[in-house]
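Structure first, then comments.
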Amino acid sequence: MCRIAGIISYRLQPEEIKTKVKTMCHALQHGGPDDEGIFSDNEKHLAFGHRRLSIIDLSRNGHQPMADVQEKAWITFNGEIYNYRELKSELSLAGASFHSGTDTEVIIQAYLHWGVSAFEKLRGMFAFALYDKAKALTYLVRDTAGIKPLYYHIENGQLSFSSEVKALKAAGIATQADNQWQVRFLAFGHIPEPYTTLKNVFSLPKGNFLCWDNNKSTFTTGEYYKHIKESYITNENEVKQLIHDVLTSSIDRQLIADAQVGVFLSGGIDSSLITLLANAQKKTQLKTISIFFNEKAYDESAYQHVVFNEIQGEKFTHLVKQQDFEESFPQILAAMDMPTTDGINTWFISKYARQDGLKAVLSGLGADELYGGYPSFNRIKYLKYLRKIPAPLVSLALSFAPDQYKKIEFLSHNHPLADYLLLRGLFTPADIAKMLNADTKQVTDILFSDTITSGCKHYDGEYAAWMETNLYMQNQLLRDTDIMSMSHGLEVRVPFLDEDFHRLTMRISPDIRFSKIQAKKLLIDSFKDILPEKIWNRPKMGFSFPLQQWMQQLPAISDYSLYQGKTAQNVIKKFKENKVHWSKSFALYQLKTHE
């Protein structure tokens, strides 16, 4: 797990390229505190940079950028390949030579033996740049779940890339703001992929690669993996056994490391399940990290103790108070790569995990999205009926609707993002237009101009899962988890997003996968032999902080006089009266403070 950066440019001199890459590496140091490396090819005007967080092969053999034994290819790699041992055995039989015990070198040899088709063989979370010297080609590649970030900037025949947007800005490569980011942020509460806060800086889509011709300074992009629709598995007993076996296997291989791996344990179903399965593998070696609060409505320590009674190993618990939040608030903001209304919880638990001696942890992220753990899975059926209301009636209703129902404005747009924003959006296009002194049509054009295909034809569980996975989790949860954990030099692994487990999930009949009786019922039933009833037979809380109360005590956020415009001031006033969710006030605060 690391941070990567690089530039290929005939416009710049080799020394200037190396200087800029070093600047990017310096900006990324928090995510790779153990080592730094630079590789350059002056003839091709190319330089790769790397900041290392040592997890597998802790020796100098893991230094990056790395080449194969014959230096046919070079790589700078961020992530983990969980099946690298199996691939290494296969490649060794095919004649490959290795000089390290790293998963990094396995990627190089896999590419040299199998070409681009090697990318699909990788199981893990990854973002890497690979330079093929003989073919004068450079590949940027990102994992199929989009767990690890990779941003690129192309201008005047120059390719630049980085693990974080702010590194490109720090090096003076991309300094101009995208003039549309504020619209997207106020609508979504984050900047949705592929967009960023910077002009012409984009996120490489998951499961994709970008191939750069180093001689011609041209590029192509493509998917190396595309999900193929297979026939559904309809036998519930068979499904439960498969879920049990494949998730267990996923956790077993994600525990592979030469540094100690722990688990985030909130007390919910997903983190408890991950903890119990990891405990069966690691037992006394397993460390758990948990947070609790004085505010009883948010405190899950009673459920954490239910799991503690079932496991061995060290259990670390940390009380987070309002004072901790206030003192850490500037650091939390500084850790953000781009504005977001999420990630504060991850920042805190990652901080404590690092303090407790961990470099890597397992997280339960992904189960809610795949198995129906959110309210949206129930609300989606109401959206189906709302979509049948004629447009003139929607317009009429808008003129009379109280503030809490103004989001029906999204019904005016026949677009998957409008469906998502109706369920999860922050502000309506009309309010965004008022806050930014823009035209409402201008706002809606920004939000809905891109063609997006959901692949789902009905307003059902599959459609809700598509939105939660490809929009909410992809654009907010995964990005913020990566940024906030890596700001502390911590790697977060997500077994529910294992390629094999995800492919199995996509094969399960929706009639079995989503239950109208209980959220995530199929997942619970698959592990009832180890999940205590007190964990699954309880109201869902989610891993949340008392931020409504805490942010109301922060004058920088809650003083309406610090905001410009009547619309924004009214939002802050209602927030102080508990009539508006904290995420809206936090978004407005970031809007006025983001550089």
Side-chain angles (χ1 to χ4, degrees), residues 27 149 151 164-170 175-193 195-199 201 203 325-348 421 424-429 431-438 443 446-447 472 475-484 486-487 544-576 580-595:
Y151 302 98
E164 296 181 23
V165 171
K166 61 188 174 189
L168 293 163
K169 187 174 183 179
T175 55
Q176 191 174 347
D178 182 326
N179 59 13
Q180 298 179 347
W181 78 261
Q182 294 172 319
V183 170
R184 296 190 177 100
F185 176 58
L186 288 177
F188 290 91
H190 57 258
I191 316 295
E193 293 188 3
Y195 303 104
T196 68
T197 50
L198 297 178
K199 186 177 180 180
V201 174
S203 175
F325 169 70
E326 292 177 0
E327 290 175 354
S328 301
F329 189 62
Q331 298 171 60
I332 293 168
L333 291 174
M336 291 179 180
D337 190 28
M338 292 186 284
T340 177
T341 54
D342 186 62
I344 294 172
N345 50 1
T346 304
W347 187 91
F348 272 103
L421 291 170
R424 278 202 177 271
L426 278 189
F427 295 102
T428 65
D431 282 342
I432 293 170
K434 288 175 189 173
M435 286 186 271
L436 298 179
N437 294 317
V443 170
I446 291 170
L447 294 177
Y472 179 55
N475 296 325
Q476 187 153 44
L477 297 186
L478 283 175
R479 178 190 295 160
D480 293 341
T481 295
D482 175 83
I483 287 295
M484 293 307 197
M486 290 299 279
S487 73
S544 54
F545 277 40
L547 293 175
Q548 187 80 7
Q549 177 180 328
W550 290 357
M551 286 192 183
Q552 285 175 350
Q553 303 304 314
L554 273 183
I557 292 179
S558 60
D559 184 351
Y560 75 91
S561 67
L562 299 175
Y563 296 81
Q564 292 185 343
K566 192 176 291 184
T567 305
Q569 288 181 352
N570 284 339
V571 170
I572 301 303
K573 286 178 183 176
K574 288 179 180 177
F575 165 62
K576 286 284 284 184
V580 162
H581 191 261
W582 64 265
S583 57
K584 288 189 174 184
S585 58
F586 190 34
L588 291 178
Y589 171 79
Q590 290 179 77
L591 193 71
K592 71 183 178 72
T593 57
H594 184 77
E595 294 180 359

Would you call the rings of His594 and Trp181 parallel, tilted or perpendicular, taking 30° and 60° as the class edges? perpendicular
The reported gap from OH in Tyr560 to CG in Leu562 (rounded to nearest 0.5 angstrom) is 10.5 Å
Relative to each other, are the rings of Phe188 and His190 parallel, tilted or perpendicular (30° and 60° limits)? tilted
Once you round to the nearest 0.5 Å, how far does CD1 of Ile483 lie from OG1 of Thr340? 10.0 Å
Under 3.5 Å: donor-acceptor pair, side chain of Asp337, backbone of Lys166: yes
Distance-minimising heavy-atom pair for Leu426 and Gly189: CD1-CA, 3.6 Å
Qualifying residues under ring-ring contact (aromatic ring centres under 6.0 Å, His included), relative to Tyr472, sequence neighbours excluded: Tyr374
Which residues share a ring-ring contact (aromatic ring centres under 6.0 Å, His included) with Tyr195, sequence neighbours left out: none
With sequence neighbours left out, which residue pairs that include part of residues 562-576 fulfil the side-chain hydrogen bond (donor to acceptor under 3.5 Å, both in side chains) condition? Asp403-Lys574
Shortest non-hydrogen contact from Thr341 toward Ser583: CG2-O, 3.5 Å
For Trp582, the ring-ring contact (aromatic ring centres under 6.0 Å, His included) test, sequence neighbours excluded, returns none
Phe329 atom CZ, over 12 foreign heavy atoms within 6.0 Å: yes
Taking only residues two or more places apart in sequence, or in another chain, which ones meet Leu198 in a side chain to side chain contact (heavy atoms under 4.5 Å, CB included)? Val165, Lys169, Ala174, Thr196, Val201
To the nearest 0.5 Å, tell me how far Leu477 CG sits from Asp482 CG. 12.5 Å
Holding to salt bridge (charged side-chain N to carboxylate O under 4.0 Å, His left out), I want the full list of residues that pass it with Lys584, two or more places apart in sequence or in another chain. none
